[in-house]
Amino acid sequence: MNQKNQDGQNRDGTSSARERLQAQRIKEKSRARRVRQAVVGGAVVAALAVAGGVAVWVSSGGGSGSTAETAFALPKKASDGNKPAVPVGAPGAHSTLVVWEDFRCPACQQFETGFRPVIHQLQDSGQLKVEYHLATLIDGNAGGSGSLNAGNAALCAQDAGKFRDYHDVLYSHQPPEQQDRFSDKKYLIQLAGKVGGLASPAFTKCVDDGRYDAFVRKSNEAFTSAGFRGTPTVLLNGKDLAQVQGGRVTPAELKKMVLDANKGKQPGKG
């Protein structure tokens with residue numbers, strides 16, 4: 001074999017080794033993403049199985065800033081205090097679902113997609129009220145401001161009585177996890193056009209001004225202080241669903257749990 005051919009084979013071998021290494025790295029990254037976002041047997045298992053560490057965005061202690069304010073702007077009907085939240089559903093409902101979520105979180109989007117119809121049905125029938133707590137976990141871990149800006153925009157929608165509808169639109173239009181399109185306030189304002197009666201100068205100003213940024217930051221501080229490991233964290237009547245059936249709770253099972261808890265009680269009104 002002449003030197004030219006041998007050199008060519010050496011280069012080809014080195015190139016092939018690099019390509020194999022690169023392919024392996026891509027495969028490992030893809031596998032890690034699939035594990036985070038796994039959905040098993042129709043149940044949003046990963047969205048609840050915090051202990052298993054799958055499909056839950058795990059906090060590294062980051063966030064999109066903090067607030068030392070003792071007072072901050074409060075959206076209509078939102079709760080104040082150390083764990084500010086937005087209530088949705090009849091106040092008199094006997095069962096309460098507490099949801100800690102991040103609008104950039106892929107596992108939150110999976111939870112919302114899988115459980116939304118049942119949650120809406122239970123809310124509308126007076127069986128369930130939901131308290132939404134907003135976190136900025138992805139901003140802290142991946143950088144950017146989309147969690148904060150989307151949270152503020154959702155609270156601006158609350159002022160117009162459109163939180164639930166806009167909340168659902170945000171998850172239906174959630175960008176890929178590596179993008180931060182929700183940091184673009186113009187895009188958040190554009191999405192308001194998909195909710196009847198929401199797009200208005202008042203909503204636009206609220207989003208542009210970041211009126212409820214401090215509210216979102218306070219909620220994120222509460223998330224961190226509570227020691228939760230990831231989003232979404234979902235509790236029904238105080239019980240963490242990640243601890244029920246190993247987190248393998250289906251929408252139908254959630255509905256049964258609520259109806260069983262409410263048995264013999266009148267649905268909530270208002």
Side-chain angles (χ1 to χ4, degrees), residues 39-52 54-57 59 75 77-103 105 107-135 137 151 154 158 163-164 167-168 171 215 218-270:
V39 180
V40 180
V44 188
V45 177
L48 303 178
V50 177
V54 288
V56 173
W57 273 95
S59 174
K77 298 184 179 180
S79 64
D80 202 343
N82 293 328
K83 296 181 179 180
V86 176
V88 177
H94 291 283
S95 285
T96 301
L97 192 72
V98 174
V99 180
W100 295 83
E101 62 179 7
D102 181 331
F103 285 113
C105 161
C108 297
Q109 195 270 348
Q110 290 174 356
F111 171 77
E112 288 296 330
T113 299
F115 284 79
R116 180 185 299 155
V118 162
I119 290 175
H120 281 192
Q121 182 186 40
L122 293 170
Q123 288 172 335
D124 294 342
S125 62
Q127 298 289 340
L128 182 72
K129 58 180 179 289
V130 182
E131 294 179 1
Y132 290 100
H133 299 264
L134 306 179
L137 179 60
Q158 171 68 8
F163 175 87
R164 189 174 88 168
H167 168 278
D168 294 349
Y171 279 117
F215 182 103
K218 186 70 174 179
S219 179
N220 185 68
E221 288 177 5
F223 170 82
T224 302
S225 299
F228 297 128
R229 291 183 55 202
T231 54
T233 294
V234 184
L235 302 93
L236 176 63
N237 296 328
K239 187 164 189 175
D240 190 343
L241 293 187
Q243 308 303 320
V244 178
Q245 300 177 185
R248 290 171 172 79
V249 177
T250 66
E253 288 168 340
L254 174 63
K255 180 178 179 179
K256 184 176 185 303
M257 291 166 66
V258 171
L259 295 180
D260 286 348
N262 295 351
K263 190 172 294 184
K265 301 174 182 176
Q266 290 296 317
K269 303 292 184 182

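All values derive from a computational prediction rather than experimental measurement. Each residue takes its place number in the sequence, starting with 1.
With rounding to the nearest 0.5 angstrom, the OG1 atom of Thr233 is 5.0 Å from the CZ atom of Phe223. In this structure, Thr96 OG1 and Leu235 CG are separated by 11.0 Å, a value rounded to the nearest 0.5 Å.
Nearest heavy-atom pair across Val258 and Gln127 is CG1-O, 3.6 Å. Taking every heavy atom of both residues into account, Ala90 and Gly126 meet most closely at CB-CA, 4.2 Å. Heavy atoms only, all atoms of each residue included: Leu241 and Val249 are closest at O-CG2, 4.1 Å. Taking every heavy atom of both residues into account, Ser79 and Phe215 meet most closely at O-CE1, 3.8 Å. Phe163 approaches Ala154 most closely through the heavy-atom pair CD1-O, 3.3 Å. The two residues Pro251 and Gly114 come nearest to each other via the heavy atoms CG-O, 3.3 Å.
Evaluation of the side chain to side chain donor-acceptor pair (under 3.5 Å) rule for Ser95 yields Asn237, Asn262 as partners, not counting sequence neighbours. In this structure, the side chain to side chain contact (heavy atoms under 4.5 Å, CB included) partners of Gln109, at least two apart in sequence or on a different chain, are Thr113, Tyr171, Gln174. Scored by the side chain to side chain contact (heavy atoms under 4.5 Å, CB included) test, Pro87 finds no partners at all (sequence neighbours excluded). Under the rule for a side chain to side chain donor-acceptor pair (under 3.5 Å), the partners of Gln123 that lie at least two apart in sequence or sit in another chain are Arg164. Partners of His133 under the ring-ring contact (aromatic ring centres under 6.0 Å, His included) rule, at least two apart in sequence or in another chain, are Trp100. The side chain to side chain contact (heavy atoms under 4.5 Å, CB included) search around Lys255 returns Val118, Gln121, Leu122, Leu259, not counting sequence neighbours. Partners of Ala252 according to the side chain to side chain contact (heavy atoms under 4.5 Å, CB included) rule, which considers only residues two or more places apart in sequence or in another chain, are Thr250. In this view, Lys256 and Asp260 satisfy the side chain to side chain donor-acceptor pair (under 3.5 Å) rule, not counting sequence neighbours.
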Query - Residues Val234, Phe115; criterion side chain to side chain contact (heavy atoms under 4.5 Å, CB included); working and verdict - result: CA-CA 11 Å; Val234 184; Phe115 284 79; over 6 Å; no
Report task. Tell me, with the steps shown, if Lys239 and Met257 meet side chain to side chain contact (heavy atoms under 4.5 Å, CB included). Result -> CA-CA 11 Å; Lys239 187 164 189 175; Met257 291 166 66; over 6 Å; no
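Formation of a donor-acceptor pair under 3.5 Å by the His94 side chain with backbone atoms of Gly268 is not found in this model.
Counting only residues at least two apart or on different chains, no salt bridge (Lys or Arg N to Asp or Glu O under 4.0 Å) pair has a member in residues 93-102.
For the pair Glu253 and Arg248, the minimum side-chain heavy-atom distance is 4.5 Å or more. At least one side-chain heavy atom of His120 sits less than 4.5 Å from a side-chain heavy atom of Asp168.
Enclosure of atom NZ in Lys265 by more than 12 non-hydrogen atoms of other residues, nucleotides or ligands within 6.0 angstrom is indicated.
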